[in-house]
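The structure appears right after this line, and notes come after that.
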Amino acid sequence: MSDKKSIFLETHNINNRASGLGTFNYELIKGLSTLEFNDLELTLNSAKPELLKHEFSDKFKYHKYSSLSRHPLFRIRKKYDLWHSVNQNIKVEPFFNTNYLLTVHDIHFVEEVSSDKSYKLHKLFKKKLERSTAITYISEFAKKNTHEHFNVPNVPEYIIYNGNPVSTILNTSNFVSAVPVDKPFFYSIGDFIERKNFGSIILMMKEIKDFNLIISGNNDKKYGEEIKKLITDNGLSNQVFLTGRVSDEGKQFYMKNCTAFLFPSIREGFGLPPIEAMSFGKPIFLSDKTSLPEIGGDVSNYWTNFDPEYMKEILFNGLTNFENNKTEIENQLKRRATSFDWKIAAAEYLKVYRGI
């Protein structure tokens, strides 16, 4: 009989790499796969375990995810020494009471959907907190925000920052952009949801003549339609361009070639795109809200409000400063990007597993 401790990682969003949570699941597992853990047996939950097995072979055990397992009656009945709930909104739970690690990314649902305590996500999250043996947060802000809205049990808590998703700089010389790149441009990327606040940088573009703005991300939902209308209504169709979803090669092409990276989001549990843009030594402009100052540190520029003229002023002051100290700031940005490392994050999670 094995004396290894068994750990179940509830990672079923792993195949949805277009989402932040899918990326988190995948990058954490990739980080873990580079480390030694002969004392532990890690099982991954995925609808397509064969894909993971192809990539990671016998480093992990694999469990085939079924949507039925979201229902209490069909919960997974195998008993593990530790269950890691890798995302706070997951309905998949263990059948038995066992050691339980919860990773909290954000509790945006409190501000965005409902602060009503009877709201289903609220109840689900409260239950997860109550069964936790330990909790990890992806930022100081995520921890602070959770404590503001919930009674957090008196269990060990840890902050483990995400790593930088850009592990390889790709060759983008053959990439063909579907939108014009003949003029200098600013770049932004994210899911088209209201908290991303893309409207603020679009209205700022009314004040700016010699640059374009390119925004990538899934824009076929309600907020995407509002943004398209905002662009047309303000006569910016030949200056602001939406690429839709973009490949890794496309994303790196725009980050490599933009004049600056803009991220005016008003709520982020962490915010990976600014770190990706730092990898290319690009000047970064962020809102000063929620977790973004933790990400951008003192090498980024911040907007404290979204008045278009003020935003333009911060942008051009920051660009001037960047041009005047280019080598130094580029190096600082790249250094900061490398300080966020999935291998380091994965090692921290292993430490927490062993501690439990």
Side-chain angles (χ1 to χ4, degrees), residues 16-24 26-27 105-106 108 162-170 172 175-181 183-205 211-221 223-228 230-231 236 239-287 289-292 295-296 300-303 306 311 315 333 336-337 340:
N16 180 13
R17 304 284 161 77
S19 77
L21 288 170
T23 301
F24 176 87
Y26 176 68
E27 295 291 349
H105 299 259
D106 62 67
H108 294 327
N162 294 344
N164 179 355
V166 177
S167 47
T168 318
I169 305 275
L170 303 172
T172 56
F175 179 77
V176 180
S177 174
V179 300
V181 285
K183 264 170 83 170
F185 63 90
F186 306 122
Y187 185 56
S188 193
I189 186 171
D191 247 347
F192 277 62
I193 40 184
E194 283 176 27
R195 69 167 170 265
K196 297 300 179 188
N197 193 21
F198 291 137
S200 66
I201 50 177
I202 289 167
L203 293 175
M204 176 187 74
M205 291 308 290
F211 290 86
N212 289 344
L213 170 63
I214 296 174
I215 308 176
S216 295
N218 181 10
N219 59 39
D220 54 9
K221 301 213 177 74
Y223 183 63
E225 296 311 313
E226 288 171 21
I227 289 296
K228 288 169 192 168
L230 188 69
I231 293 168
L236 290 167
Q239 210 183 348
V240 179
F241 301 96
L242 309 181
T243 69
R245 278 197 178 147
V246 75
S247 64
D248 281 348
E249 185 194 10
K251 176 168 67 173
Q252 290 201 16
F253 171 86
Y254 295 120
M255 286 187 173
K256 225 178 259 186
N257 292 291
C258 67
T259 301
F261 183 77
L262 319 182
F263 202 71
S265 176
I266 52 174
R267 271 192 290 282
E268 289 294 322
F270 188 77
L272 287 170
I275 299 174
E276 296 178 86
M278 284 177 197
S279 306
F280 299 97
K282 292 296 169 175
I284 308 288
F285 294 83
L286 309 169
S287 92
K289 311 285 178 266
T290 66
S291 70
L292 289 173
I295 308 305
S300 301
N301 305 275
Y302 296 95
W303 290 302
F306 303 108
M311 288 182 80
L315 177 62
L333 287 159
R336 187 161 184 87
F340 295 97

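The shown structure was predicted, so the numbers you read here are calculated from the model rather than taken from an experiment.
A 4.5 Å side-chain heavy-atom check between Y254 and S177 finds at least one atom pair inside the cut-off. Side chains of V166 and K251 form no contact here, defined as non-hydrogen atoms less than 4.5 Å apart. Side chains of F241 and I231 form no contact here, defined as non-hydrogen atoms less than 4.5 Å apart. Residues I189 and M255 have side chains in contact (heavy-atom distance under 4.5 Å, counting atoms from C-beta outward).
Of the possible donor and acceptor atoms, none in the side chain of T168 sits under 3.5 Å from a partner among the backbone N and O of L170. Judged by distance alone, the side chain of S247 and the main-chain N or O of G250 form a donor-acceptor pair under 3.5 Å. In terms of modelled atom types and a separation under 3.5 Å, the side chain of S265 and the main chain of R195 share a donor-acceptor contact. Put simply, the side chain of Q239 gets close to the backbone of F211: a donor and an acceptor are under 3.5 Å apart. Remark: the backbone N or O of I275 is not paired with any side-chain donor or acceptor of R336 at under 3.5 angstrom. At distances below 3.5 Å, not a single donor-acceptor pair connects side-chain atoms of D191 with backbone N or O atoms of I193. Under a 3.5 Å cut-off, the side chain of N301 and the backbone N or O of I284 do form a donor-acceptor pair.
Classified by interplanar angle (parallel below 30°, tilted 30° to 60°, perpendicular above 60°), the ring pair F175/F253 is tilted. The aromatic rings of F192 and F198 sit tilted relative to each other, their planes meeting at an angle between 30° and 60°.
Here the CG atom belonging to N212 is positioned 12.5 Å from the SG atom belonging to C258, to the nearest 0.5 angstrom. One finds the CG atom of L242 at 7.0 Å from the NZ atom of K228 (value rounded to the nearest 0.5 Å). In this structure, D106 CG and T290 OG1 are separated by 9.0 Å, a value rounded to the nearest 0.5 Å. In this structure, CZ in F270 is found 5.0 Å from CZ in F340, a value given to the nearest 0.5 Å. Note that CG of N257 is 9.0 Å distant from CD1 of I214, once rounded to the nearest 0.5 Å. To the nearest 0.5 Å, atom CZ of residue R267 and atom CD of residue E194 are 9.0 Å apart.
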- S287 and N197: side-chain hydrogen bond (donor to acceptor under 3.5 Å, both in side chains), yes or no, with the steps? CA-CA 10 Å; S287 92; N197 193 21; over 6 Å; no
- K282 and L333: side chain to side chain contact (heavy atoms under 4.5 Å, CB included), yes or no, with the steps? CA-CA 7 Å; K282 292 296 169 175; L333 287 159; 5.8 Å; no
- Check against side chain to side chain contact (heavy atoms under 4.5 Å, CB included), F186 and L315: CA-CA 10 Å; F186 306 122; L315 177 62; 3.6 Å; yes
- Stepwise side chain to side chain contact (heavy atoms under 4.5 Å, CB included) check, N219 with I227: CA-CA 8 Å; N219 59 39; I227 289 296; over 6 Å; no
- Task: Decide side-chain hydrogen bond (donor to acceptor under 3.5 Å, both in side chains) for S216 and Y187; before the verdict, give the C-alpha distance in whole Å, the side-chain angles of both, and the deciding distance to 0.1 Å.
- Result: CA-CA 8 Å; S216 295; Y187 185 56; 2.7 Å; yes
- Yes or no on side chain to side chain contact (heavy atoms under 4.5 Å, CB included) for M204 and F306, after CA distance, side-chain angles and deciding distance? CA-CA 9 Å; M204 176 187 74; F306 303 108; over 6 Å; no
- Query: Checking salt bridge (charged side-chain N to carboxylate O under 4.0 Å, His left out) for the pair E268/K196: CA distance, chi angles, key distance, verdict?
  - Reply: CA-CA 9 Å; E268 289 294 322; K196 297 300 179 188; 2.6 Å; yes
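Heavy-atom minimum distance, R245 versus N218: NH2-ND2, 3.3 Å. Of all heavy-atom pairs spanning T243 and G217, the tightest one is OG1-N, 4.4 Å. Here the closest heavy-atom approach between residue W303 and residue K289 is recorded as O-NZ, 4.5 Å. Across every non-hydrogen atom of P184 and T259, the tightest pair is CB-OG1, 3.7 Å. For L262 against S188, the heavy-atom pair with the smallest separation is O-OG, 2.7 Å. The minimum heavy-atom distance linking M278 with S300 is given by the pair CE-OG, 3.8 Å.
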